[in-house]
Amino acid sequence: MKVLLTHIKELLQVRDAAPNLVSGKDMATLPTIKNAWLLLEGDRIADYGSMDTVPQHEVSETIDCSGKMVLPTWCDSHTHLVYAGNREQEFVDRIKGLSYQEIAQKGGGIVNSAKKLQNTPEEELYRQSAARLEEVMRLGTGAIEIKSGYGLTTEAELKMLRVAKKLAEKYPISVRTTFLGAHAIPSEYKGNKNGYMDLLCNEMLPKVASENLAEYVDVFCEEGYFSVEDTHRLLSEAASYHLIPKIHVNQFTALGGIAAGVQHNALSVDHLEVLTDADIAALQGSKTMPVALPSCSYFLSIPYTPGRKLIDAGLPLALATDYNPGSTPSGNMNFVVATACIKMKLTPEEAINAATLNGAYAMGLSSSHGSITKGKKANVIITKEIPSYGYLPYAFGSNLIDAVIINGEQL
Ligand code: NIG
Ligand code: FE
């Protein structure tokens with residue numbers, strides 16, 4: 001099956017030899033070809049060029065992209081897309097004046113989602129999650145990371161990960177899974193965090209590993225959740241099962257968790273709404289990707305990750321949605337890209353690099369995703385007719401996507 005896209009107004013993020021990630025000043029460059037063609041063969045990108053070299057041989061399908069942009073699909077490296085029900089009531093409570101932390105202290109928050117999920121049969125959890133996955137694919141996401149962490153019992157954590165693995169089997173999108181049993185201390189372990197840490201290390205981790213349910217391990221390193229010491233313990237244990245860390249850190253307080261993540265070779269450190277100079281220094285020279293989640297800041301009215309400061313310090317930055325029922329009930333990467341430009345002062349080039357190549361890096365997929373490169377996955381977004389790519393974040397409330405192709409198949 002050969003699909004030829006012709007007369008593309010501008011083909012974005014074209015890299016003959018794509019780097020694994022882009023950092024600092026390099027993030028300001030988005031390589032493009034104007035008036036371009038793109039050939040997809042099966043599930044791979046076969047070739048591309050400018051229209052004066054358009055191939056003349058037979059193809060199965062030609063798509064005229066006059067006036068339209070084509071870019072790689074978004075790489076959403078941080079989601080909690082598998083969850084049960086919603087937390088609309090807490091949203092209303094926050095509007096009326098309670099804070100996110102106050103709600104959590106009253107037994108709401110993550111623990112509330114865990115109760116719902118524990119009582120939801122696996123098939124029903126799959127059904128709800130599949131509907132969300134289909135929605136984000138139509139919004140242009142072509143690779144996604146999905147965490148557990150709303151189970152908080154061995155059985156429910158495994159159920160979440162099985163659902164994520166089943167989604168990976170049934171849908172063309174690439175899925176990476178993360179074990180986030182250390183998301184909150186469940187009610188049964190209130191006042192006995194060490195007891196829960198023992199359960200995580202001695203029972204959950206070995207089962208997740210032996211059933212091959214996750215590539216990554218995560219921990220919510222935050223006051224009232226898990227300490228830097230807990231983080232060290234969990235990540236050391238996880239290393240013996242070859243689970244690579246991607247951690248929640250510095251959402252509300254800077255405890256030194258970023259340095260801990262870097263010390264354990266974390267693939268990414270995510271949130272970073274509160275960031276110290278020592279945190280930035282810890283990231284320098286590391287292979288750890290800082291990940292910002294601007295739609296979480298938007299929804300909770302908390303500070304935005306100082307992305308400008310990270311990039312200006314020469315570091316890379318990735319953008320992801322954090323799709324979850326409590327802090328970000330949205331999996332829309334287009335909104336994330338726009339919000340990064342509007343609120344974090346990233347340029348459109350920086351935001352697109354952060355949401356494609358760097359997002360792919362943050363889930364170990366940069367050799368197959370995140371750029372228009374020969375041999376990479378045939379994953380592209382075809383926009384509606386728009387004047388330029390800067391229009392994508394500019395017209396932040398419009399759906400500017402005309403078509404999405406994932407694994408060579410148009411949705
Ligand atoms: O990334 N901060 C920790 N975990 C999720 C939200 C959890 C929830 O409120 O359900 C996050 O924002
Ligand atoms: Fe999260």
Does the side chain of D93 pick up a donor-acceptor pair with the side chain of Q89 at under 3.5 Å?
-> yes
Does a side-chain heavy-atom distance below 4.5 Å link V136 with M333?
-> no
Under 4.5 Å between any side-chain heavy atoms of T177 and L213, yes or no?
-> no
Do T276 and D279 have a side chain donor and acceptor closer than 3.5 Å?
-> yes
So, D43 side chain and A378 main chain: donor-acceptor pair closer than 3.5 Å or not?
-> no
Do I33 and S50 come within less than 4.5 Å of each other through their side chains, counting heavy atoms only?
-> yes
Is there a donor-acceptor contact under 3.5 Å from the side chain of E211 to the main chain of V208?
-> no
State whether the side chain of Y216 and the backbone N or O of M363 hold a donor-acceptor pair below 3.5 Å, judged by distance alone.
-> yes
Between E134 and R132, is there a salt bridge with N-O shorter than 4.0 Å?
-> no
Do W37 and D47 have a side chain donor and acceptor closer than 3.5 Å?
-> no
Answer yes if the side chains of Q101 and Q105 hold a donor-acceptor pair under 3.5 Å, and no otherwise.
-> no
Any side-chain heavy atom of N379 sitting closer than 4.5 Å to one from I405?
-> no
Can you name the one residue among S371, S368, S366, S367 that meets side chain to side chain donor-acceptor pair (under 3.5 Å) with K376?
-> S371
Interatomic distance, N334 atom CG to S295 atom OG [nearest 0.5 angstrom] | 11.0 Å
Judged by modelled atom types alone, do E90 and N112 share a side-chain donor-acceptor pair under 3.5 Å?
-> yes
Does anything in residues 154-173 pair up under salt bridge (charged side-chain N to carboxylate O under 4.0 Å, His left out), and if so which pairs, sequence neighbours excluded?
-> E122-R162, K165-E215
With respect to M1, which candidate in E41, E61, E409 satisfies the side chain to side chain contact (heavy atoms under 4.5 Å, CB included) definition?
-> E61
Point-to-point distance, once rounded to the nearest 0.5 Å, from CD of E237 to CE of M204 = 14.0 Å
Carefully, step by step, assess Q118 and Y150 under the rule side-chain hydrogen bond (donor to acceptor under 3.5 Å, both in side chains).
-> CA-CA 8 Å; Q118 288 163 9; Y150 290 122; over 6 Å; no
Does any non-hydrogen side-chain atom of V249 lie less than 4.5 Å from one of L272?
-> yes
From D218 CG over to L267 CG, what is the distance, rounded to the nearest 0.5 angstrom?
-> 11.5 Å
Using the six-membered ring wherever Trp is involved, compare the ring planes of F91 and F299 and label them parallel, tilted or perpendicular (cut-offs 30° and 60°).
-> parallel
Scan N192, L200, N194 and name whichever one has a side chain to side chain contact (heavy atoms under 4.5 Å, CB included) with Y196.
-> L200
Evaluate whether atom CZ of F335 has more than 12 neighbouring non-hydrogen atoms of other residues, nucleotides or ligands under 6.0 angstrom away.
-> yes
Dump the intermediate steps for side-chain hydrogen bond (donor to acceptor under 3.5 Å, both in side chains) on K377 and S174, then the final yes or no.
-> CA-CA 10 Å; K377 285 276 184 188; S174 298; 5.3 Å; no
Full working for salt bridge (Lys or Arg N to Asp or Glu O under 4.0 Å) between R138 and E135 = CA-CA 5 Å; R138 283 193 299 271; E135 185 194 6; over 6 Å; no
Test item: D76 side-chain N/O and T321 main-chain N/O as donor-acceptor pair under 3.5 Å | yes
Atom pair CG (D322) and NE2 (H80), whose distance is rounded to the nearest 0.5 Å | 4.0 Å
Describe, in one word, how the ring planes of H271 and H248 are oriented to each other, choosing from parallel (under 30°), tilted (30 to 60°) and perpendicular (over 60°).
-> tilted
Given side chains that start at C-beta, do those of R94 and S99 come closer than 4.5 Å, heavy atoms only?
-> no
Can you measure from CG (L39) to CZ (R44) and round to the nearest 0.5 angstrom?
-> 14.5 Å
From OH (Y323) to OG1 (T79), nearest 0.5 Å | 9.0 Å
Polar side-chain atom of T141 near backbone of M137 as donor-acceptor pair, under 3.5 Å = no
Tell me yes or no: between the side chains of D270 and S268, is some donor less than 3.5 Å from an acceptor?
-> yes
With sequence neighbours left out, which residue pairs that include part of residues 173-198 fulfil the salt bridge (charged side-chain N to carboxylate O under 4.0 Å, His left out) condition?
-> K193-D230, D198-R233
Do the side-chain N and O atoms of T253 and E222 include a donor-acceptor pair separated by under 3.5 angstrom?
-> yes
Side-chain contact, heavy-atom cut-off 4.5 Å: I63 with V3?
-> yes
Modelled atom types, side-chain donor and acceptor of N324 and S327, under 3.5 Å = yes
Check L12, L400, D402, L11 against M69 for a side chain to side chain contact (heavy atoms under 4.5 Å, CB included) and give me the one that passes.
-> L12
When the ring centroid of Y304 is compared with that of Y298, is the distance short of 6.0 Å?
-> no
Side-chain donor-acceptor contact under 3.5 Å, T305 with E273 | no
Pair S77, E145: side-chain N/O donor-acceptor within cut-off below 3.5 Å | no
Does the side chain of T178 reach to within under 4.5 Å of the side chain of V217, using non-hydrogen atoms?
-> no
Would one find more than 12 heavy atoms of other residues, nucleotides or ligands at under 6.0 Å from atom CZ of F396?
-> no
